[in-house]
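Quick note on labels: first sequence line is chain A, next is B, and so on, each numbered from 1. Only heavy atoms go into these numbers, but all of them, side chains included; no hydrogens, no water, no symmetry mates.
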There are 2 protein chains.
Amino acid sequence: MPRRTKAEAEATREALLDAAEDVFLEKGVSRTSLEHIARHAGMTRGAVYWHFKNKADLFHAMLDRVKMPLQQIIDDITAERQATGPLDTLRLATLHAFEMLERPRSCRVHTILMHRCEFISDINPVELQNRLASDCREVVRRCFQQAHDEGLLIDEIAPDVATLMLHSMIGGLVHDWLRAPDSFSLRESGGEAIDSLFHLITRRA
Amino acid sequence: MPRRTKAEAEATREALLDAAEDVFLEKGVSRTSLEHIARHAGMTRGAVYWHFKNKADLFHAMLDRVKMPLQQIIDDITAERQATGPLDTLRLATLHAFEMLERPRSCRVHTILMHRCEFISDINPVELQNRLASDCREVVRRCFQQAHDEGLLIDEIAPDVATLMLHSMIGGLVHDWLRAPDSFSLRESGGEAIDSLFHLITRRA
DNA sequence: TGGCATTTACATTCATGTATGTATGCGTGT
DNA sequence: ACACGCATACATACATGAATGTAAATGCCA
């Protein structure tokens with residue numbers, strides 16, 4: 001039965017994207033057909049092709065519904081919300097990104113991005129991911145540089161090294177957690193690890 | 001011209017696996033057909049089906065030619081080669097794993113594993129990877145526990161937290177480096193970050 | 001009633017697996 | 001030493017199924 005109201009059409013679009021999340025997560029992107037997605041949403045392939053140009057288009061629409069953790073971190077750092085200094089800015093931004101990641105949709109989509117699709121072909125924004133990683137590293141580096149200039153960092157750690165340590169720890173924690181979300185709490189255990197890192201590199205009074 | 005000597009047959013097998021590495025790396029696993037691999041090796045699909053049962057079998061044979069970094073770390077830790085203590089054991093094992101990863105074949109295969117295939121379906125040992133990660137974490141934890149008991153760790157860091165920090169840093173460094181091997185040197189910059197971590201958590205005399 | 005949302009039907013492409021063909025190396029008997 | 005036979009190491013051909021994209025059909029809301 002075709003042509004509901006405009007609002008209903010928008011609802012089926014969302015339903016298709018929800019279904020895509022579910023099926024991609026379960027079977028991986030390349031092994032799911034548009035037929036699978038449509039059936040899981042209670043529709044046929046025709047609905048998919050009405051709302052989206054093809055699989056890649058649908059995939060990107062799914063991505064557009066969430067924010068990249070590294071983008072979140074960049075935005076938080078540049079916003080500098082209620083932090084007491086550059087190091088605190090970095091710490092809070094990281095913990096905030098962890099919080100965002102634990103939301104169900106974020107978790108699903110980023111699990112798909114990390115563990116359910118191949119980072120090559122027209123479908124995947126590896127370029128975007130690389131640029132994001134590069135941009136984020138630069139913003140973090142500037143923050144650590146500022147902390148260094150203000151004498152907040154201990155002498156043993158250069159800003160560049162601190163940047164790599166933080167960046168890799170974030171990436172590793174997210175990667176491991178998305179692979180097995182039940183093995184530990186990102187906010188609690190992950191936050192504890194991040195807190196410890198900042199504790200270690202902060203110059204004591 | 002069929003039926004070469006036994007040695008030549010083994011050579012074509014290796015050539016097929018080499019070709020698989022190349023094509024998987026270039027196009028991603030799911031988008032490469034056995035035809036692609038065979039042609040890239042200068043053969044036809046018949047050769048592939050003679051040496052391997054199917055794509056999954058070929059994929060696993062490709063994996064069998066390299067050692068998993070986490071397995072390398074586990075082995076190094078249990079071997080305890082010329083280290084001066086548990087912390088040094090961990091540090092050297094990590095750096096050794098980095099060295100191994102920089103070998104061309106290792107680099108290619110693990111890039112495929114991390115960024116060119118989907119961790120779902122019959123083809124991929126996500127089970128094995130999870131078990132490896134879990135085992136490695138346990139071995140590392142025991143090592144940190146021993147360091148703690150011997151008074152080598154600073155008081156602020158519990159063995160569990162140190163374990164998560166090291167494990168996530170390794171994972172993050174490897175992940176980032178495999179995505180863009182030219183952006184930094186795993187041995188140099190990565191090693192520096194690891195060294196710094198151990199410097200920070202080691203109790204000073 | 002006309003355009004919008006969706007289904008149905010169809011043509012095409014492509015990868016897979018298997019079955020068959022085929023020439024050669026290799027052991028065997030004499 | 002030499003022919004014979006068979007298993008080996010591939011290439012070729014074919015049948016199948018699955019996914020894609022598109023065109024036509026259909027019903028509903030405004």
Side-chain angles (χ1 to χ4, degrees), chain A residues 1-20 22-62 112 116-118 120-124, chain B residues 1-20 22-62 112 116-118 120-124:
Chain A
M1 60 217 82
R3 185 66 214 287
R4 317 271 176 73
T5 176
K6 208 173 247 182
E8 281 178 310
E10 181 59 24
T12 67
R13 193 190 124 102
E14 295 295 310
L16 287 173
L17 291 174
D18 289 346
D22 287 348
V23 189
F24 283 159
L25 194 59
E26 188 190 331
K27 319 185 42 156
V29 173
S30 74
R31 295 174 65 88
T32 77
S33 65
L34 297 182
E35 174 83 15
H36 289 140
I37 294 172
R39 302 284 271 203
H40 192 268
M43 319 243 149
T44 68
R45 234 156 25 93
V48 176
Y49 277 101
W50 175 256
H51 287 282
F52 310 98
K53 188 183 165 197
N54 51 30
K55 192 169 168 179
D57 187 40
L58 182 147
F59 186 83
H60 284 114
M62 185 189 75
I112 292 170
R116 301 290 191 276
C117 70
E118 300 174 2
I120 278 295
S121 87
D122 55 339
I123 213 177
N124 214 298
Chain B
M1 64 225 74
R3 184 71 213 284
R4 316 274 175 71
T5 176
K6 213 172 248 181
E8 282 177 308
E10 181 59 23
T12 68
R13 193 191 124 102
E14 296 294 311
L16 287 173
L17 291 176
D18 289 346
D22 288 346
V23 189
F24 283 159
L25 195 60
E26 188 191 332
K27 319 186 40 156
V29 173
S30 73
R31 296 174 66 88
T32 76
S33 66
L34 297 182
E35 175 83 15
H36 289 140
I37 294 173
R39 304 284 272 204
H40 192 268
M43 317 244 149
T44 66
R45 240 155 22 93
V48 176
Y49 276 100
W50 173 256
H51 287 283
F52 310 97
K53 189 183 165 196
N54 50 30
K55 192 168 168 181
D57 187 41
L58 182 147
F59 186 83
H60 284 114
M62 186 190 74
I112 292 169
R116 301 291 190 276
C117 71
E118 301 174 2
I120 277 295
S121 87
D122 55 339
I123 213 178
N124 214 299

If I take atom [atom1] in residue [X] and atom [atom2] in nucleotide [N], what distance separates them, rounded to the nearest angstrom?
X       : N      : atom1 : atom2 : result
A:Glu10 : C:dT6  : CD    : P     : 11 Å
B:Asp57 : C:dT16 : CG    : P     : 14 Å
B:Leu16 : D:dA11 : CG    : P     : 9 Å
B:Arg13 : D:dT8  : CZ    : P     : 16 Å

For B:Ala47, which contact category applies under a 4.0 Å heavy-atom criterion: base, sugar-phosphate, or nothing?
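Here B:Ala47 touches the backbone only, sparing every base.
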
Side-chain N or O of A:Thr12 less than 4.0 angstrom from OP1 or OP2 on C:dT6?
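Checking A:Thr12 against C:dT6: at least one side-chain N or O falls below 4.0 Å of OP1 or OP2.
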
Taking OP1 and OP2 of D:dC10, is either one under 4.0 Å from a side-chain nitrogen or oxygen of B:Trp50?
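Negative; the distance criterion is not met.
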
Taking all non-hydrogen atoms of both residues, which atom of B:Lys55 and which atom of B:Val29 are closest, and how far apart?
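B:Lys55 and B:Val29 have their closest heavy atoms at NZ-O, 2.9 Å.
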
CG of B:Leu17 to NE2 of B:His51: how many Å apart, nearest 0.5 Å?
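Output value for this atom pair is 9.5 Å.
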
Start with the C-alpha distance between A:Glu118 and A:Ser30, add both sets of side-chain angles, then the distance that settles side chain to side chain donor-acceptor pair (under 3.5 Å), and finish with yes or no.
CA-CA 8 Å; A:Glu118 300 174 2; A:Ser30 74; 4.6 Å; no

Classify every nucleotide of nucleotides 17-24 of chain D by which part a protein heavy atom approaches to under 4.0 Å, writing B for the base, S for the sugar-phosphate alone and - for neither, in 5'-to-3' order.
--SBBB--

Okay, side chain of A:His60, backbone of A:Asp57: is any donor-acceptor separation there less than 3.5 Å?
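Side chain of A:His60 to backbone of A:Asp57: no pair is present.
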
